[in-house]
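Read through the structure below, which is laid out as structure tokens, and then see the notes.
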Amino acid sequence: MTDSPMRVVTLGTAGGPRWWADHLGAPRFGIATAIVVGDRWYLVDCGDGAGHQAKAVGLSMVDLGGIFLTHMHSDHLVDLPSLVLFGAFELKSKVGGPIPIVGPGDRGRLTPLSPRATSSPEVVAPQRPTPGVAGLMDGLLAAYATDINDRIFDSLAKSPRDTFAVREIALPSDCGFDPDHAVAPEMAPIEVFRDDLVTVTATLVSHHPMAPAFAYRIDSAHGSVTISGDTAPCENLVRLASGTDLLLHEAIDLDNLAAQYSDTEMLQATLDHHRRSHTTPADAGRIATRAGAAHLALHHLVPSYVHPEVWHDAKTTFEGPLSIPQDLETLVVSRTEEPAPRVLA
Ligand SMILES: [Zn+2]
Ligand SMILES: [Zn+2]
């Protein structure tokens, strides 16, 4: 691995709640992205295999500066339990404060029932049906309490309550957010984390009906990385990614998805859903161009098994360098030269 002072390591590049493979049948792990700055690293999303993949490239829990969760879909969260529970063993010798886990708060209202529903489903966990990261962590620790208490009381292990600190992102009260009707009102990016190496800002993105859903931007002295999270084309993301050195954007291939459906109504419903909550490669290219991103990489590839050539459609709308990284690829981040001022006629 390169030792450049800021780099991205793609721990997992597939999107969606399955065990994915690429076009050759090799595993593509769930969405998880490490941003390495100096001797520290930051993790955006915890998809399937994130802990294992971090270990494979020598990223230690001791050096983990923070975990940033974009939204509450399981393909972005499913490996958080292993980081919290298995990570405890590596963290025994960690000095300093707890590792922050930053992410969305409670949705506040149950997702509206689809107009296509023909019956009324039973709500799961009706006492807390739409938890954010605090509820997720409470539930996770409760579910694993026998194991955790065994280790705390018998082996004198540290409690995950002391090694991790949950921080739900507070939205500006006047931003106009409504989980059903305005998931990504226009807003200025908000700072959600800062240490001596990085500043992390976030903005609401459009992943209806999942809300709140965030994109993150990590700025250091060496450059900036912006990660879209799951979103349809979104003005807030253009603003967050303005002039960024590397934009990692999600991408979906609607043609390949459409080929899986023979039922016309189901096909239309699926395409409607994906169009308002995800982004095609060409649209990701448009976003990168409008934001003035120096380098575009597509990840959270859905479906993961299409030929990589499909994602190159982004070249029709973005002239800069385009990457379609495999798992465990390194993308160097360096500050882009300011473009020469344009002379106005
Ligand atoms: Zn996803
Ligand atoms: Zn999602």
Exercise. Determine, step by step, whether Ile35 and Met6 satisfy the side-chain contact (heavy atoms from CB on, under 4.5 Å) criterion, reporting the C-alpha distance in whole Å, the side-chain angles of both residues, the deciding distance to 0.1 Å, and the verdict.
Key: CA-CA 7 Å; Ile35 297 94; Met6 186 174 190; 3.9 Å; yes
Salt bridge check, [Y] against [X]: does any charged N sit closer than 4.0 Å to a carboxylate O?
| X | Y | answer |
| --- | --- | --- |
| Asp180 | Arg107 | yes |
| Glu235 | Arg290 | yes |
| Arg18 | Asp48 | no |
| Arg276 | Asp272 | no |
| Arg217 | Glu191 | no |

Quiz item: Is the His73-His207 ring centre distance short of 6.0 angstrom?
Solution: yes
Quiz prompt | Near-ring test His249/His299, centroid separation under 6.0 angstrom | solution = no
Test item: side-chain donor near acceptor, [X] and [Y], under 3.5 Å:
| X | Y | value |
| --- | --- | --- |
| His295 | Ser323 | yes |
| Ser82 | Asp79 | yes |
| His278 | Asp230 | no |
| Thr13 | Asp327 | yes |

Quiz item: Nearest 0.5 Å, what's the CG-OG distance between Asp245 and Ser224?
Solution: 4.0 Å
Quiz item: Is Tyr305 atom OH crowded by more than 12 heavy atoms from other residues, nucleotides or ligands, each under 6.0 Å away?
Solution: yes
Quiz item: Heavy-atom count around His52 NE2 within 6.0 Å, excluding the residue itself: above 12?
Solution: no
Quiz prompt | Within-4.5 Å side-chain heavy-atom neighbours: Pro172 and Met187 | solution = yes
Quiz item: Between Ile99 and Lys94, what is the shortest heavy-atom contact and its length?
Solution: CG1-CE, 3.9 Å
Practice problem: Could you point out which residue of Asp45, Thr231, Thr33 forms a side-chain hydrogen bond (donor to acceptor under 3.5 Å, both in side chains) with Thr70? | Solution: Asp45
Self-check item: Non-neighbouring partners of Asp195 that pass side chain to side chain contact (heavy atoms under 4.5 Å, CB included), sequence neighbours left out
Solution: Arg40, Tyr42, Phe193, Leu197, Val198
Exercise. Carefully, step by step, assess Glu329 and Arg7 under the rule salt bridge (charged side-chain N to carboxylate O under 4.0 Å, His left out).
Key: CA-CA 10 Å; Glu329 265 191 45; Arg7 59 192 188 275; over 6 Å; no
